[in-house]
Amino acid sequence: MTPGSKDRLRGTLDVLILKTLTWGPRHGYAIARWLEDTTGDSLTIEEGSLYPALYRMEQRAWIESEWGTSELGRQAKFYKLTPAGRKQLRLETAEWRAFVDVVSRVLQPES
Amino acid sequence: MAFQLWSPALHRRLFRRNVTDAVATELDFHLAMLEHDLVRRGVHPDEARHLAAARFNNLANIAAECRSIGHQTERTMRRTLHLQEFVDDIRFTVRQLLKAPGFAIIAVLTLALGIGATTVIFSAVDAVLLRRFAIAHPERTVFVNEFFKGQDGNVSAGIYLDWAAMTRSFSALTAEGFRTFNLTTPDAPERVFGGTVTADFFPALGVAPLRGRVFTAAEDQPGNDGVVVLGEELWRSHYGADPGLIGRTVLLDGEVRTVIGIMPAGFDPTTSQEQLWVPVAFDAARRAQHDEHYLTVVGVLKPGVTMQQAQRDMDGVARTEHQRFPKEANGAHVIGLVDFLTAQYRTPLMLLQGAVLLVLLIACGNVANLQLARSSSRAREMAIRAAIGAGRGRIVRQLLTENLLLALLAAALALGLAQLGIGALRANAPTGIPRIDQVHIGWTVAAFAVGAAAFSALLAGLMPALQLSRRDLQGTLRESGRQNQGTIRDRVRTALIVAEVALALPVLIGAGLLLRSAMHLQHVDPGFDLDGVVMARVLLPAGSPEQHVLAAERVVDDLSHRPGVVSAAMTSQAPMGPGGTSNGLLAEGRPFSQENLVQSRLRLVTTGYLQTMKLRLKQGRWFTDQDVAGAPRVMVISEAVAKQMFPGETPIGKRVGCCEPNVYKTVIGVMANVRSDGPAQDIVPEFYLPLAQAPADAWGWIGNIMSVTVRGATPDPAPATSAIRAAVRSVMPAAPVYRITTMRDALSATIAVDHFNTVLLVALGAIGMLLAAIGIYGVVGYFVTLRTHEIGIRMALGATGEQVLRLLAWQGLVPIVIGLLIGSGLAVWSARLLQASLYGVSAHDPATYAAVTAVLLLAGILATVAPARRAARVDPVRALQ
């Protein structure tokens with residue numbers, strides 16, 4: 001990895017989690033599995049790095065959590081998107097698009 | 001997935017769990033799920049556990065990171081929650097207060113009055129006592145006075161220079177003399193007050209000039225001293241604050257001096273109000289002069305030298321000096337400059353501050369009382385709030401918030417009131433109180449007001465708040481809003497009356513004592529008839545002693561022909577007037593010693609002085625036109641001199657030496673004592689010499705300045721005043737006339753500080769009594785309302801209105817009497833602090849105590865009877881319905 005790509009990855013992780021939660025509240029394990037399923041092998045996310053990201057985002061009030069009962073009947077913490085989180089997601093999505101646009105315009109061969 | 005209802009805030013409060021647990025549980029769950037999935041895909045359970053754990057790199061680190069973030073989040077949330085609650089409280093409070101605006105207005109006004117008064121006095125304490133003096137080392141700056149027979153006095157040039165040469169304790173020992181100068185301005189000659197200072201005076205005090213520079217050592221030499229430093233006020237008022245004045249010349253006492261610097265506004269280290277400074281520039285004769293004590297010596301202690309060490313050092317120096325000049329030199333006294341200047345005002349100011357705090361406490365008592373009255377109607381509201389889960393702490397907090405809001409409103413209003421009060425204070429403050437003109441609402445004072453408000457809020461609110469929150473929930477709800485007759489609360493109310501009366505009494509007694517003292521001063525015999533007398537200072541033109549006498553006599557003669565003048569005279573110093581010198585008198589035949597010398601104030605007078613002032617001659621005769629130069633030398637002494645010098649003998653015909661070597665004067669009369677320094681000051685021995693026989697040196701002592709005194713034909717001083725101006729102008733066109741005042745005003749000025757204290761304390765006493773009476777009225781009124789039902793029964797059973805009245809009055813009177821007993825104890829304890837401010841009345845004057853107690857009792861009875869009478873008119877039928 002080149003320097004800076006770690007930050008990009010962390011930002012990416014945040015935005016992916018936010019995206020995950022747009023389909024409704026879910027717990028950490030479910031988020032991990034969803035990320036794994038959608039991104040396949042193209043983006044490997046370390047199992048553990050998910051949680052500090054969740055806690056940080058909760059601190060920024062992008063997500064809120066509450067304790068509930070999971071499918072196994074165990075106590076699990078469910079995360080939910082807040083209005084602030086939704087706004088953040090929109091912002092980041094727009095930024096990503098702009099970024100991708102610029103980069104692709106540069107890389108596209110002149111026609 | 002299973003979900004409870006989403007209400008995160010409530011949910012989080014109800015099911016809060018600690019962060020460490022939460023992180024562990026969450027990560028455990030994740031591992032368990034991984035394991036579960038692996039097993040479902042056919043992995044062996046043991047293997048699955050192993051694999052699951054392996055997917056987590058560094059579980060411990062991740063857990064720690066999560067915990068740390070989680071704790072931070074938790075803290076932020078708690079803060080937000082408290083803030084939210086506070087905002088809720090405020091919002092709720094505003095709603096509540098708007099519902100009962102009467103209560104809010106009365107509470108705010110009461111507190112504002114108390115806080116405002118406290119703030120005004122504090123602003124004076126702050127300006128006069130607390131704020132640092134604007135000099136470099138206030139704690140090391142001292143006065144060094146000559147000390148003789150228990151009295152501090154000024155220092156002669158010779159002694160000052162010897163002291164400065166011998167002492168080792170000071171980093172600088174400077175001297176300042178004071179005199180008035182003739183400043184020639186385009187309009188008219190004007191008298192300005194100035195200081196003559198040694199070159200190190202300004203550097204020692206460490207205050208830099210606003211513009212220009214101060215004196216050099218070279219300029220502090222005779223012949224080279226044609227320079228002057230102006231005060232900012234004079235620069236502004238006379239020269240329009242023109243920066244170009246530096247380097248220009250002014251005419252002072254007819255001499256040309258170059259303005260070299262301007263001292264900043266408020267530079268007045270010794271509270272002398274000089275308008276300008278010139279170098280003292282001692283000449284050889286002055287340096288050798290040890291007997292003319294006129295300098296104020298200001299020293300700065302070397303770092304590390306204590307006041308005691310400096311005093312010991314100066315004791316040794318003064319002993320050496322006394323051996324060299326046994327007649328002239330005395331002891332030395334080192335005294336802190338700040339202490340010396342403020343000592344006189346410290347106790348009165350602290351007393352006022354104490355009194356005003358008592359008044360604030362009474363105001364708090366009244367607000368607490370209002371709260372209690374309100375609390376009975378709010379009991380239900382509180383019970384409901386408690387029932388839906390508000391904790392006791394939360395309710396107390398809400399009630400205190402309510403008080404805080406009231407108090408802050410009161411503080412804002414109080415600062416406005418204080419601004420008015422400070423304006424009045426500055427306008428009426430007597431001169432001479434250091435820095436009183438600098439009283440203003442600064443940060444310290446504003447902070448004090450807010451602090452006083454917070455304190456009041458706590459005091460007035462805590463007790464009712466605790467009471468309200470403690471109340472039995474179910475009982476209150478069952479009563480469905482009927483006012484319950486809590487006996488505890490009644491006891492609290494009764495205690496409030498006791499406290500308010502006990503607090504009001506000392507303030508009132510202090511005020512009463514000061515009033516008695518003021519009345520005493522009104523009746524002190526000044527020794528002459530001062531009504532109708534106008535006086536003014538006049539500077540005689542330079543000339544010989546004969547010319548001075550002639551000029552003075554011509555002014556008197558001119559005056560006596562003018563309309564509106566009954567009689568006129570000239571004197572070197574009028575009573576209550578400035579100037580004056582004193583001399584040691586020695587009866588003929590007695591050996592020279594400090595014990596035999598009677599220090600007495602000299603008055604050089606023209607013969608009309610007795611008649612003009614209506615002095616009372618006790619024995620012998622007064623001066624006549626025959627007592628002139630060349631005739632036998634004569635003097636008139638005051639009774640005080642006679643008593644000290646010739647106890648049990650008749651002084652007439654005795655010969656007394658004074659003022660010039662080897663000249664004796666025959667005592668021809670004894671004059672009734674005159675209170676020359678005002679009615680509050682002790683009588684000073686005095687003696688009179690005819691102006692025509694004035695010792696030659698005397699003209700130097702008084703700087704050629706005389707006082708004109710005129711007895712006018714009417715009480716209106718205007719004719720006499722214009723007569724003085726006209727007469728002086730016709731005799732000596734260039735001589736300035738200044739400090740024109742009536743004798744009555746001059747006398748008032750001598751007791752201005754006492755008068756000021758009296759007015760303030762009487763005002764405070766009145767406010768305190770009014771507040772206490774309002775408090776009593778409120779409490780008794782509450783009792784009456786509470787007992788309406790019972791009174792109805794009593795009256796239905798045949799009780800008369802009078803009996804009911806007596807019953808209720810009794811309920812109000814008992815706490816008043818208890819309060820008076822406690823209060824008089826407090827007053828006896830605190831009044832001794834007042835003793836120094838009292839004249840002709842003891843701090844424990846029984847008549848004052850009795851009278852003031854009676855007044856407060858009467859106020860209490862009125863406040864009790866008014867609501868009680870309402871009860872006596874209760875219609876039993878309606879009361880019982």
Side-chain angles (χ1 to χ4, degrees), chain A residues 1 6 9-10 13-14 17 20-37 41 43-86, chain B residues 1-41 51-77 79-80:
Chain A
M1 276 191 194
K6 201 173 174 189
L9 190 64
R10 180 185 280 176
L13 181 57
D14 285 359
I17 293 173
T20 314
L21 292 176
T22 51
W23 285 282
R26 55 193 63 194
H27 52 63
Y29 183 75
I31 296 171
R33 292 292 73 78
W34 188 85
L35 287 175
E36 203 176 50
D37 293 349
D41 289 337
L43 208 62
T44 350
I45 292 157
E46 240 177 67
E47 202 79 29
S49 65
L50 182 67
Y51 283 94
L54 283 169
Y55 274 77
R56 214 172 292 114
M57 286 160 71
E58 191 176 12
Q59 189 179 24
R60 289 177 187 159
W62 293 344
I63 57 176
E64 332 179 286
S65 67
E66 91 153 13
W67 289 89
T69 315
S70 78
E71 50 271 49
L72 293 185
R74 288 184 66 143
Q75 283 273 294
K77 203 172 165 194
F78 290 87
Y79 292 92
K80 177 199 172 206
L81 211 55
T82 64
R86 242 172 252 288
Chain B
M1 285 185 229
F3 285 105
Q4 277 92 17
L5 92 167
W6 271 113
S7 170
L10 180 68
H11 201 85
R12 222 174 276 126
R13 291 210 69 193
L14 294 176
F15 307 100
R16 198 182 289 159
R17 55 200 309 168
N18 96 31
V19 176
T20 313
D21 264 8
V23 171
T25 313
E26 191 172 12
L27 292 178
D28 268 358
F29 170 72
H30 194 104
L31 281 174
M33 288 297 285
L34 270 177
E35 216 179 300
H36 177 77
D37 276 4
L38 287 169
V39 169
R40 221 170 40 185
R41 280 191 246 152
L51 277 172
R55 301 265 304 256
F56 268 93
N57 285 333
N58 221 341
L59 185 63
N61 272 359
I62 287 166
E65 198 179 346
C66 289
R67 274 199 301 273
S68 151
I69 302 170
H71 281 300
Q72 278 176 28
T73 312
E74 180 119 303
R75 273 196 297 274
T76 319
M77 254 159 56
R79 263 201 302 275
T80 320

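Throughout, a chain's letter reflects where its sequence line sits, starting with A, and its residues are numbered from 1.
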| task | Indicate the atoms forming the closest heavy-atom contact of Pro52(A) with Ile69(B), along with that distance. | result | O-CD1, 3.8 Å
| Does any heavy atom of chain B fall under 4.5 Å from the side chain of Arg33(A), the backbone, both, or neither of them? | side chain
| Residue list, ring-ring contact (aromatic ring centres under 6.0 Å, His included) with Tyr55(A), at least two apart or on another chain | none
| said: So, taking the atom named NE2 in His30(B) and the one named NZ in Lys77(A), what distance separates them when rounded to the nearest 0.5 Å? | reply: 14.0 Å
| request: State which residues pass side-chain contact (heavy atoms from CB on, under 4.5 Å) with Ser68(B); sequence neighbours excluded, sorted by chain then number. | output: Gln72(B)
| Do you know which of Leu27(B), Val23(B), Thr73(B) has the most heavy-atom pairs under 4.5 Å to chain A? | Thr73(B)
| said: Is Leu31(B) close to chain A through its backbone or its side chain, or both, or neither, when contacts mean heavy atoms under 4.5 Å? | reply: neither
| query | Between Asp37(B), Thr76(B), Leu34(B), which residue shows the highest count of heavy-atom pairs closer than 4.5 Å to chain A? | reply | Leu34(B)
| message | Quick check on Ala61(A) against chain B: is it the side chain, the backbone, both or neither that has a heavy atom closer than 4.5 Å? | response | neither
| Of the non-hydrogen atoms in Glu26(B) and Tyr79(A), which two are nearest, and what is the gap between them? | OE2-OH, 2.6 Å
